[in-house]
Amino acid sequence: MLRTVGIIGGGQLARMMIVPALELGFEVKVLAEAEKSPAKLAATVGDHTDLQTVREFANTVDVITFDHEHVPLQILEALIADGVNVQPSPKALLFAQNKLAMRKRLAELNVPMPDWAEVSAAEDIDAFLASHGGVAVLKTATGGYDGKGVRIVRSGVDATDWLAEGKALLIEEKVNFVRELAQLSARNSSGQWLAWPVVQTIQREGVCSEVHSPADHADSESAAKIAEAIATGLGVTGVLAVELFETAGGKLLVNELAMRPHNSGHFSIEGSVTSQFEQHLRAVLDLPLGSTEGTSAYAVMLNLLGPETSNTFAENFEKAWVLESNSHIHLYGKEYRAGRKMGHITALSSDSLADARAQALATYNALLA
Ligand SMILES: Nc1ncnc2c1ncn2[C@@H]1O[C@H](COP(=O)(O)OP(=O)(O)O)[C@@H](O)[C@H]1O
Ligand SMILES: [Mg+2]
């Protein structure tokens, strides 16, 4: 019987897994990068890129899972050789760490994607641009998040720095999408798979700012089919987030993958019978998955990105609670920085997305005031 879940990474995702882990009857330990991490309640501090540190941590837990995808795969392979239970396995995790490996593998699975190519020289970029209208999206294969590692290019010259640094790069057709969607689902190691409704995500400057669940009039059947093909095809365990572009014709194209709870699923804490955090734990512990039915017809989540001048979220937190009706404030206990993800608000409504959004916005404004 498994008793202790080990989470590598001490961010808000680990923080939000702590309570459901305890509620499921497990102990939880976190390997965090810093003393003041959001998951400090359960954390020891250590370097997740150091094999010895990760090995010692693994010795104190029964299963290893993740808050982020930055643990080097060689370290995870070494743990597996030691007999450690790592979920998702490094074989699957590769495709969340490396966008080039992901594109290659999804092409084999015939998953719909933007046109793309691997590039290693300015001439490769110019050749792709010549056949794709002169503008494209260049990405570093690894290490990117929140729009870092993604840039619009109009010439091979735009990539001089990344090429000089020897970064593995891929280039993609610049999709003229109508909106971005995300399909969240989870798969346990026995192969049971369940999806939440497909949601709409709204990015500002490359950072997620809003999520609407469910996405209004989306092709939910296609989105779920794509996610299931990826979850089974890649042998994913835990939560799988599939970021999607929706084109004018309603066609869905896969942008990228995450194999852990994801910002697009925060609404599920209040908005779903089973939250993504509980479901991730159920999946990596190979327990039966919980129901993904909504607790309300509509949910809207707003990210609390650090304001420009000061951390008004912390200052106004208690005042804003007065407005609380169906609107729930989550703060991550992070040190304030402008633009940083400091927390989120979820509001539910049985009426409409507009109603849920209006409630969330009222709470948001109270936090900013
Ligand atoms: N091929 C593309 N066409 C148009 N926009 C894109 C494309 N790829 C990425 N983007 C935009 O850039 C954002 C960040 O890209 P993504 O690959 O998801 O990187 P990150 O790892 O930073 O989330 C996307 O959410 C989308 O808004
Ligand atoms: Mg992304």
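Just follow the structure's listing: the first ligand is 1, and inside any ligand the first atom is 1.
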Engineer: Name the closest protein heavy atom to atom 20 (P) of ligand 1, giving the residue it belongs to and the distance to 0.1 Å.
Structural biologist: Glu256 OE2, 3.3 Å
Engineer: Just to check, does Gly206 reach to within less than 4.0 Å of ligand 1 when the distance is taken from its heavy atoms?
Structural biologist: no
Engineer: Would you indicate which of Glu180, Glu243, Met102, Gln203 comes nearest to atom 26 (C) of ligand 1 when only heavy atoms are counted?
Structural biologist: Glu180
Engineer: Does Lys99 approach ligand 1 within less than 4.0 angstrom via side chain, backbone, both or neither, non-hydrogen atoms only?
Structural biologist: side chain
Engineer: What's the shortest distance from atom 3 (N) of ligand 1 to any protein heavy atom, and which residue and atom give it?
Structural biologist: Val175 N, 2.9 Å
Engineer: Suppose we measure from atom 5 (N) of ligand 1 to each protein heavy atom; which comes out shortest, and what is that distance?
Structural biologist: Phe177 CE2, 3.5 Å
Engineer: I need the nearest protein heavy-atom contact for atom 22 (O) of ligand 1: residue, atom name and distance, please.
Structural biologist: Gly147 N, 2.6 Å
Engineer: For Glu256, what is the atom name of its N, O or S atom nearest to the Mg ion (ligand 2)?
Structural biologist: OE2
Engineer: Are Val71 and Val5 in one and the same hydrophobic cluster, where Ile, Leu, Val, Met, Phe, Trp and Tyr link if side-chain heavy atoms are under 4.5 Å apart?
Structural biologist: no
Engineer: Identify, by atom number and element, the atoms of ligand 1 in contact range of Tyr145, meaning under 4.0 Å from any of its heavy atoms.
Structural biologist: 21 (O), 22 (O)
Engineer: Flag yes if Leu181 and Ile230 sit in one hydrophobic cluster, no otherwise; membership is Ile, Leu, Val, Met, Phe, Trp, Tyr, and two members link when side-chain heavy atoms are under 4.5 Å apart.
Structural biologist: yes
Engineer: Got a protein heavy atom sitting under 4.0 Å from atom 11 (C) of ligand 1?
Structural biologist: no
Engineer: Quick one: does NZ or CZ of Lys148 land under 6.0 Å from the six-membered ring centre of Tyr145, within 45 degrees of the ring axis?
Structural biologist: yes
Engineer: Can you name the atoms of ligand 1, numbered from 1 with element, that are less than 4.0 Å from a heavy atom of Lys174?
Structural biologist: 3 (N)
Engineer: Tell me whether the rings of Tyr332 and His266 are parallel (<30°), tilted (30 to 60°) or perpendicular (>60°).
Structural biologist: perpendicular
Engineer: Under 3.5 Å between any N/O of Val150 and any N/O of ligand 1: does that happen in this structure?
Structural biologist: no
Engineer: Tell me whether Leu281 shares a hydrophobic cluster with Met259, the cluster being built from Ile, Leu, Val, Met, Phe, Trp, Tyr side chains joined at under 4.5 Å.
Structural biologist: no
Engineer: If you count every heavy atom of other residues, nucleotides or ligands that lies below 6.0 Å from Glu165 atom CD, does the total exceed 12?
Structural biologist: yes
Engineer: Nearest to atom 6 (C) of ligand 1, what protein heavy atom do you find, and at what distance?
Structural biologist: Phe245 CZ, 3.5 Å
Engineer: Any chance you could measure Thr295, atom OG1, to Leu348, atom CG, to the nearest 0.5 Å?
Structural biologist: 5.0 Å
Engineer: Using distance alone, with no hydrogens and no angle criterion, decide if Asn98 and Thr142 have a side-chain donor and acceptor under 3.5 Å apart.
Structural biologist: no
Engineer: Looking only at distances, please establish whether an N/O atom of ligand 1 is found under 3.5 Å from an N/O atom of Pro114.
Structural biologist: no
Engineer: Under a 4.0 angstrom heavy-atom cut-off, which atoms of ligand 1 come close to Lys139?
Structural biologist: 8 (N), 9 (C), 16 (P), 17 (O)
Engineer: With salt bridge (charged side-chain N to carboxylate O under 4.0 Å, His left out) as the test, would you mind laying out the steps for Glu172 and Lys99 before giving the verdict?
Structural biologist: CA-CA 11 Å; Glu172 298 179 359; Lys99 289 175 180 169; over 6 Å; no
Engineer: For the Mg ion (ligand 2), which N, O or S atom of Glu243 is at the shortest distance?
Structural biologist: OE1
Engineer: Which of the atoms of ligand 1 are close to Glu172, meaning less than 4.0 Å from one of its heavy atoms?
Structural biologist: 1 (N), 2 (C), 8 (N)
Engineer: Say whether Leu194 and Val236 are linked into one hydrophobic cluster, either directly or through other cluster members, by side-chain heavy-atom distances under 4.5 angstrom.
Structural biologist: no
Engineer: For Lys40, I'd like to know if atom NZ has over 12 heavy atoms of other residues, nucleotides or ligands within 6.0 Å.
Structural biologist: yes
Engineer: Taking 4.0 angstrom as the limit and counting only heavy atoms of Glu173, give me the atoms of ligand 1 inside it, by number and element.
Structural biologist: 1 (N), 2 (C), 3 (N)
Engineer: Taking a hydrophobic cluster as the set of Ile, Leu, Val, Met, Phe, Trp and Tyr residues connected by side-chain heavy atoms closer than 4.5 Å, whether directly or through intermediates, do Ile8 and Ile75 fall within one such cluster?
Structural biologist: yes
Engineer: Give the contacting part of Val137 toward ligand 1: side chain, backbone, both or neither, where contact means a heavy-atom distance below 4.0 Å.
Structural biologist: side chain
Engineer: Look at ligand 1 and say whether Trp116 reaches it with a heavy atom at a distance under 4.0 Å.
Structural biologist: no
